[in-house]
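As the structure lists them, so they are numbered: ligands from 1, and atoms in each ligand from 1.
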Amino acid sequence: MVRLPHIAERAMVDVLRSGRLAQGEQVAAFEAEFAALHGVPHAVAVNSGTAALVGALSALGIGPGDEVLTTPFSFVATVNAILEVGARPRFVDIDDRDFALDPAAVEAAITPATAAILVVHLFGQCADMGSLTAVAARHGLALVEDAAQAHGARFGVASAGAFGVGCFSFYATKNLTTGEGGMVTTHDVGLAERLRLLRNHGMASRYEYVRAGHNWRMTDLAAAIGRAQLPDYDDVVARRTANAVALTEGLRDLDELLLPAEQPGRRHVWHQYTVRVRGGRRDALAAGLADRGIGSAVHYPAVLADLTHVAGVARGGDAIPTARRCAESVVSIPVHHHLTAGEIERIVWATRDALRGSSR
Ligand SMILES: *Cc1c(COP(=O)(O)O)cnc(C)c1O
C-alpha cells in the first residue's frame, strides 16, 4: 500500500483547478525533475512502463528481422515489448548475485541479427553496467534499460537509465508511483523527439502528422502525484536500505537461505528483498510465512522463455540454467519503507520459525 504525502493532494487540486489535465506544465516539470535526478538531459513521460519499453525500442528503429538479447528472469512486460515491435527475443542467462544479465553470456550470444541488448535492473539493483556498456559499444548494439524497479539506483556514479535508453514505470507497486505511468530517459535529443511524436499520435504540431503514433500521454494529475514524491525519495531509499540491512542481520546465519546483497560500487534501491531458498523448500517457506501473517510473493515463478506466447518465437531458452534455478527458489519478503523496526523483527522471527516448521 502507498501512503502519499499530503502535498500530493494539494497538487492534484491545483491541477484540477488549472483546467489543464494532460501533457501540461506538471508533466513538463516532472520530466525535468526526473531527468535531473538521473543525470540525463532528456526524459519523456508516458502512461506506463510498458509504453516506455515499446516506445524506446520503436524510437531506436528496432523491429522485424532484429534480435534483442534479454533476460529470461523478469516481469512479462520486458519480453512483450520486444514482441510488440515485431523483433525476436533471444534469452541470455543471468548472474545470480544481481539476478541480471551475465555480460559474458550476452557477448557470446550475439548474432548478425542482434540489434539491441534489453537489460533489466531487477529488484532495484543495477546490472553490471560497466561490462554491458562495453559489450554494447564493442558490437555497435543499442542498449535499453528496463529500470521499472530501479528509480535512482546507481552503478558507480551513474544512475539507472543513464547508460543507454532508460525505461521506468510508476505503476502503483513501484518505489515511485503515479498509479499508472512511465518515463524514458536518454542522452539522445533525436530519440527524445521521436518519442514525443510517438506518444502523441505522431503529431508535430496541431493536426500535422509526421508518422503513425499512439496515445501514450501522461496526465497532469499523474505527474503531480509523481512530483510530490521526489523530494522525499532519498529518504524512501534510506528506509528501504535500513530494512534490508536489518533483514540480512536477522537472517544471515540461516543455511537454508541465500540472501540478496548490494554489489560493490552499486546503490541498491531495494524494490524487493528476494531470497533464494535451498533444498526445494521455497513454497513451504511462503506457506509458512502466510500461516504467520506475513505476505510474500514469488518474483518470478517461471522463466519468460517458457511462457506459451513466447516459447515458439524466442531463442535461447535451452541455455539459461541460472535463471531456471532462481525461478524455482526465489521468494520476496517485505522490505518497503513503511515497515517499522517491530514489523521487521516480526518478519525475521516468522521466517526463522517457518523454516524450522517446514523442516519437521
Ligand atoms: C512493472 C514492470 C514493467 C511494466 O511497467 P508497467 O508500468 O506496469 O507497464 C516492466 N518491467 C518490469 C521489470 C517491471 O517490474
Less than 4.0 angstrom from a charged side-chain N to a carboxylate O is my criterion; do R227 and E33 meet it?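 The answer is yes: the pair qualifies as a salt bridge.
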Using only heavy-atom distances, determine whether the side chains of R97 and Q263 contain a donor-acceptor pair under 3.5 Å.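 Judged by distance alone, the side chains do not pair up.
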Partners of T274 by side-chain hydrogen bond (donor to acceptor under 3.5 Å, both in side chains), sequence neighbours excluded?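 So T274 forms a side-chain hydrogen bond (donor to acceptor under 3.5 Å, both in side chains) with S332.
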side-chain hydrogen bond (donor to acceptor under 3.5 Å, both in side chains) partners for T248, two or more places apart: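 Y273.
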Where does ligand 1 get N/O contacts under 3.5 Å from the protein, atom by atom?
from     : atom 1 : to   : atom 2 : distance (Å)
ligand 1 : 5 (O)  : S169 : OG     : 3.3
ligand 1 : 7 (O)  : G49  : N      : 2.7
ligand 1 : 7 (O)  : S169 : OG     : 2.6
ligand 1 : 9 (O)  : G49  : N      : 3.3
ligand 1 : 9 (O)  : T50  : N      : 2.9
ligand 1 : 9 (O)  : T50  : OG1    : 2.5
ligand 1 : 11 (N) : D146 : OD1    : 3.3
ligand 1 : 11 (N) : D146 : OD2    : 2.7
ligand 1 : 15 (O) : Q149 : NE2    : 2.8
ligand 1 : 15 (O) : K174 : NZ     : 2.7

Is the ring pair F123/F99 parallel, tilted or perpendicular, if the boundaries are 30 and 60 degrees?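 Ring orientation of F123 relative to F99: perpendicular.
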Mind jotting down which residue pairs meet the salt bridge (charged side-chain N to carboxylate O under 4.0 Å, His left out) criterion with at least one end in residues 259-280? Sequence neighbours excluded, please.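 Qualifying pairs, neighbours excluded: D96-R276, D98-R266, D234-R267.
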